[in-house]
Amino acid sequence: MISRMHPIANWVRLAPHEHRRALDKVLQFRDAAPDPTASGLPEAAVAWFWTEELPRLLQRPDVRNQALERL
């Protein structure tokens with residue numbers, strides 16, 4: 001299966017449907033940002049990744065192994 005890098009943490013490989021879900025979430029944060037001229041990742045998206053997305057992903061053994069390799 002082809003895997004794609006997570007849009008925030010490019011060391012996490014995801015299945016294409018999971019990547020799309022994560023990218024859609026990042027784009028929602030971008031569209032909700034008060035400054036339409038801002039560039040880079042929205043701060044809210046980064047906070048979402050560390051508080052919700054990564055803890056959820058770490059429950060999976062394959063992602064946990066990726067994280068351990070990263071450490």
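Atoms considered below: every heavy atom in the structure, side chains included; atoms not considered: hydrogens, waters and symmetry mates.
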- [ ] Could you tell me the separation between the CD1 atom of I2 and the CZ atom of R13, rounded to the nearest 0.5 Å?
- [x] 11.0 Å
Open item on the list: What I'd like to find out is whether the side chain of L14 reaches to under 4.5 Å of the side chain of R4, using heavy atoms alone.
Closed with: no
Task: Heavy-atom closest contact (L41 atom, V46 atom, distance) - done: CB-CG2, 4.0 Å
TODO: Scan residues 33-49 for pairs that pass side chain to side chain donor-acceptor pair (under 3.5 Å), counting only residues two or more places apart or in two chains.
DONE: D35-T37
TODO: Taking the side chain as every heavy atom from C-beta outward, state whether N65 and D62 have any atom pair closer than 4.5 Å.
DONE: no
Task: R56 and E53 ion-paired at < 4.0 Å - done: yes
TODO: Write down the atom of P7, the atom of V26, and the distance for their closest heavy-atom approach.
DONE: CG-CG2, 4.3 Å
- [ ] Locate the shortest heavy-atom distance separating Q66 from W11; write the atom from each residue and the value.
- [x] OE1-O, 3.3 Å
Open item on the list: Suppose clustering is done on Ile, Leu, Val, Met, Phe, Trp and Tyr with side-chain heavy atoms closer than 4.5 Å. Which residues sit in the same group as M5?
Closed with: none
- [ ] Check whether any side-chain heavy atom of V12 sits under 4.5 Å from a side-chain heavy atom of R70, and report yes or no.
- [x] no
Task: Carboxylate-amine/guanidinium proximity below 4.0 Å for E52 and K25 - done: no
Task: CD-NE2 distance between E18 and H6, expressed to the nearest 0.5 angstrom - done: 9.0 Å
Open item on the list: Tell me the closest heavy-atom pair linking A67 and L58, and the distance in Å.
Closed with: CB-CD2, 3.7 Å
Task: Minimum heavy-atom distance between F29 and A44, given as atom pair plus value - done: CD2-CB, 3.4 Å
